[in-house]
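This report refers to the structure that appears directly beneath it.
Letters go in sequence order (proteins before strands), and every chain restarts at 1. Predicted model, so just to flag it, every value in this text is computed and none were measured.
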There are 2 protein chains.
Amino acid sequence: MPRWGPDADNRLYLSAMELIFERGYDAVTVAEIAEHAGLKKRSFFRHFADKREVMFAGAADFEKAVVDAVRAAPRAVRPVDAVMTALADAGAGLTKWGEPVRQRQRVVATSIELRERELIKFDSLASAVAEALGEREVDDLTAILVAKAGVAALATAFQQWVDAGGPADFPELMAEAHRRLRAALCDGP
Amino acid sequence: MPRWGPDADNRLYLSAMELIFERGYDAVTVAEIAEHAGLKKRSFFRHFADKREVMFAGAADFEKAVVDAVRAAPRAVRPVDAVMTALADAGAGLTKWGEPVRQRQRVVATSIELRERELIKFDSLASAVAEALGEREVDDLTAILVAKAGVAALATAFQQWVDAGGPADFPELMAEAHRRLRAALCDGP
DNA sequence: TTCATGAGGACACCGGGTGTCATCACCTCC
DNA sequence: GGAGGTGATGACACCCGGTGTCCTCATGAA
């Protein structure tokens, strides 16, 4: 399909990762990323909406995977369980890539603007999940709350996975987060 | 204490609100805000870290109020209830200001960068709440999850309050969010 | 061979944000 | 009351992210 230098998107992505992992996000300019990929600054912005976005390539795929899994869950499954399972599975797929993912996440942690972008990705994910829940006769308020709670569990489990360093079972981290949240909310005096 | 033109912070804030409410966030430059307050662009950045920050003046006070309330909650109160109550009370204090707060929030909704900033404020709030919970013998994982669930309820209730338009009882919106979340997580098959 | 197409380049411009040095009102202390 | 310290502001020069516009040119189809 690409009729020019093949795969400009991917070349830019790889170029960005190489330079940013080496020197840090703030110390690399868009012009440098582009030149390193054999392109010009102006062209970078034809492939990525802004500099931050290159760090979140694949986020749309992740969101789609989660939403599809929520939609595919049997109606008998409670909404919260459908969401937690979908997020755990998608997270398992992501964390399977191991070290590069951790490295990327450590870069995100160094920059406020990247943290902000990450949070809006999470928020977008929650909204999409809530909408998917709406298709299974869950009221809007419950849907968004369950979605946000799920995303909170995901973010927490993901952080633990990054900090763990070695191999860690992501779905188990998610399940543990779910249990703790449930205990905190449900076990009452 | 201020020995120059009094209250430059507040002048800049009022100047920003006036211009932004009138023309929209993107259509107003920092230089315009500063000049309108009798200052120069360079000085704006001596009072606010960036352009977005002027829309969130008072966020630090809000966070402090919440954290103090969590700390002040009796030990017998469950963590989740302490958090929800603290957030409901702080939210009540905020929503008491009525229309100007709704107007500000509508501006935030128009801009991606403002949404991002809002999300990181919420995230900061959750971290601060989690730390406060840590002081009452709540394990770290539970603390951050409860804090994030509370903030999710806050954000949802706040959105409902903005959309409601007229007077709305914020603590009741929070309580309803808490009930729905609890029902979704706890009522099992 | 010609032509439409779309990726990429050139170039100018804008606005947010920062480093640095100069200025100047105010306060204090002698 | 004058000297000096202090801190807020101004002036100015940059940098970089981001965009609008027009031009170039390889490619594939007719």
B:D139, CG atom: more than 12 neighbouring heavy atoms under 6.0 Å: yes

Under 3.5 Å donor-acceptor pair, A:R46 side-chain atoms to C:dG9 base atoms: yes

Determine all donor-acceptor pairs shorter than 3.5 Å in which one atom belongs to a side chain in residues 61-69 of chain A; sequence neighbours excluded.
residue: A:E63; atom: OE1; partner: A:S124; partner atom: OG; Å: 2.8
residue: A:K64; atom: NZ; partner: A:D68; partner atom: OD2; Å: 2.7

Side-chain N or O of B:H47 closer than 4.0 Å to phosphate OP1/OP2 of D:dT9: yes

Heavy-atom protein contacts under 4.0 Å, nucleotides 13-18 of chain D, coded B base, S sugar-phosphate only, - none: ---SBB

A:K51 to A:F45 six-membered ring, cation-pi geometry met (6.0 Å, 45°): no

Side chains of B:Q105 and B:E118, donor plus acceptor under 3.5 Å: yes

Residues which pass side chain to side chain contact (heavy atoms under 4.5 Å, CB included) with A:S43, listed by chain and number, not counting sequence neighbours: A:L39, A:R46

N/O donor-acceptor pair under 3.5 Å between A:T85 side chain and A:A82 backbone: no

Whole-Å gap separating P (C:dG8) and CZ (A:F48): 12 Å

Nearest-angstrom distance from the residue atom NZ of B:K40 to P of C:dT23: 17 Å

